[in-house]
Protein chains: 2
Amino acid sequence: MSRQRGYHHGDLRAALIATSFELLAEGGLRRFSVAAVARRLGVSSAAPYRHFPDRDHLLSAVSGAAAEDLRAAIRAAADAAGADPADRLAAVAGAYFRYVVTTGAGFHVIFAAELHRVADEQRRARTRALMDTLFELATATAVPSYQQALPLIEAIIAVGHGYSSLFTDGFFARNTRTVEEIATRATEAARALIR
Amino acid sequence: MSRQRGYHHGDLRAALIATSFELLAEGGLRRFSVAAVARRLGVSSAAPYRHFPDRDHLLSAVSGAAAEDLRAAIRAAADAAGADPADRLAAVAGAYFRYVVTTGAGFHVIFAAELHRVADEQRRARTRALMDTLFELATATAVPSYQQALPLIEAIIAVGHGYSSLFTDGFFARNTRTVEEIATRATEAARALIR
DNA sequence: GTCTATACCGGGATAGAC
DNA sequence: GTCTATCCCGGTATAGAC
């Protein structure tokens with residue numbers, strides 16, 4: 001509270017990540033840039049490079065945070081859905097949709113191509129944990145093996161991601177669909193896919 | 001065949017659109033730029049501006065062509081699916097997936113936000129025709145009204161688009177899924193949604 | 001650890017020659 | 001109708017002062 005002026009001190013690293021989320025939420029990956037993050041924080045364009053060697057490493061940190069947050073959101077949604085494994089898995093699609101629409105940080109960010117060569121163990125551990133959670137929820141249904149769980153996960157995420165893409169691309173613009181309305185639809189669609 | 005050298009004559013306008021599709025297929029909207037198109041065609045960066053006032057108008061022409069091509073692909077897939085209206089509608093998801101994976105020109109291009117202010121009647125007519133075709137296929141199922149057809153269309157497109165996004169973002173990379181394999185999955189998922 | 005200043009790059013777009 | 005040349009802008013990244 002004591003930093004009305006001279007804001008730029010304390011934990012710039014954390015602030016860079018937080019502001020990156022803001023930019024992603026507002027304009028997606030397209031408008032994310034180191035320069036824009038710095039500008040919004042009121043620091044020079046060089047300041048971020050004290051904390052991250054380049055753009056991709058900042059994005060990697062954001063990706064790791066997103067993986068962790070998304071995993072928590074999915075867990076919470078599954079628990080809220082009750083005890084039936086199919087209901088719990090279906091809730092993933094709705095949770096994914098809500099998270100991506102709110103933050104702009106979906107799988108296209110978490111698994112962005114430019115991150116493949118960024119060696120960031122924390123991010124990798126977090127994305128692995130996210131996938132583990134998805135496998136847990138998928139194998140809790142009738143599905144016996146990992147081999148068969150993967151296509152199921154892909155279908156669920158495809159539904160959530162598809163709705164979120166259409167939403168953020170403005171496809172629903174004319175028909176005032178609310179986030180919750182579509183999240184419900186995504187969940188129902190996922191439920192139908194599980195059988 | 002007589003233009004090995006001095007390629008830059010004939011129909012640059014059409015060539016610009018064709019090359020734009022190439023770039024979209026290779027790198028999506030991210031790598032599409034007037035400069036890149038001109039470079040690949042071996043013309044100066046100024047040449048395209050004789051045919052399109054700005055970037056967005058070129059993109060609009062590409063969008064219109066994509067809408068027309070996608071409509072044709074959807075029609076063909078529906079016809080190939082047989083007579084059952086539900087099968088015909090489900091085929092839309094597979095056709096959409098195939099088209100977007102092949103061309104990079106899905107709804108995120110056809111309905112790109114930056115096109116809203118571009119007054120291009122041909123594009124608008126073509127996107128309207130595309131939507132008309134989707135409504136035709138949707139209302140041919142048990143669905144009685146347009147009001148109820150729209151959510152159905154949204155679900156089908158969400159499935160196709162979701163799979164295509166995951167595919168182009170490299171989510172399927174480790175598991176060598178072929179385009180046809182996933183197109184079949186998308187179609188089956190759509191079939192499950194229709195009930 | 002942040003600043004100013006700078007170099008470099010690529011894309012958008014225009015002017016004027018041919 | 002295409003060219004060369006040019007300008008502007010914004011993003012990435014580095015050097016060196018404080």
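Residue numbers start from 1 in every chain, and the chains themselves are labelled A, B, ... in the order their sequence lines are given, proteins ahead of strands.
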[X] has an atom [atom1]; how far is it from atom [atom2] of [N], in whole Å?
X       : N      : atom1 : atom2 : answer
B/Arg39 : C/dC9  : CZ    : P     : 13 Å
B/Leu41 : D/dG1  : CG    : C1'   : 14 Å
A/Tyr49 : D/dT14 : OH    : C1'   : 10 Å

Candidates [options] - which lies nearest the side chain of [X]:
X       : options               : answer
B/Ser45 : C/dG11, D/dA13, D/dA5 : D/dA5
B/Leu12 : D/dT2, C/dG12, D/dT14 : D/dT2
A/Val43 : C/dC3, C/dG12, D/dT2  : C/dC3

On a heavy-atom basis, which atom in [X] and which in [Y] lie closest, and how many Å separate them?
X        : Y        : result
A/Phe52  : A/Ala61  : CE2-CB, 3.7 Å
A/Thr187 : A/Gly94  : OG1-CA, 3.3 Å
B/Ala86  : B/Ile194 : O-CD1, 3.4 Å

In degrees, rounded to 10°, what is the bend between the two ends of the helix from C/dG1-D/dC18 to C/dC18-D/dG1, using five pairs at each?
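Inter-axis angle at the ends, rounded: 10°.
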Taking the basic N atoms (NZ, or NE/NH1/NH2) and the acidic carboxylate oxygens, is any pair closer than 4.0 Å for [X] and [Y]?
X        : Y        : value
A/Arg191 : A/Asp84  : yes
B/Glu26  : B/Arg40  : yes
B/Asp56  : B/Arg117 : yes

Over all strands shown, is A/Ala46 touching base, sugar-phosphate only, or nothing at heavy-atom distances under 4.0 angstrom?
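A/Ala46: base contact, heavy atoms under 4.0 Å.
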Check this for me: [X], atom [atom1], are more than 12 non-hydrogen atoms of other residues, nucleotides or ligands nearer than 6.0 Å?
X        : atom1 : result
B/Gln122 : CD    : no
A/Arg30  : CZ    : yes
A/Glu121 : CD    : yes

Just say parallel, tilted or perpendicular for the rings of B/Phe167 and B/Phe172, cut-offs at 30° and 60°.
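Ring orientation of B/Phe167 relative to B/Phe172: tilted.
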Once you measure the plane-to-plane angle for A/Phe111 and B/Phe171, does it fall in the parallel (<30°), tilted (30-60°) or perpendicular (>60°) bin?
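Plane angle between 30° and 60°, so tilted.
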Nucleic acid contacts of residues 20-33 of chain B, taken as heavy-atom distances under 4.0 Å to DNA chain C
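Those residues whose heavy atoms fall under 4.0 Å from DNA chain C, taken from residues 20-33 of chain B in numerical order, are B/Ser33.
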Residues from residues 50-58 of chain B sitting under 4.0 Å of DNA chain C, heavy atoms only?
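By residue number: B/Asp54, B/Arg55.
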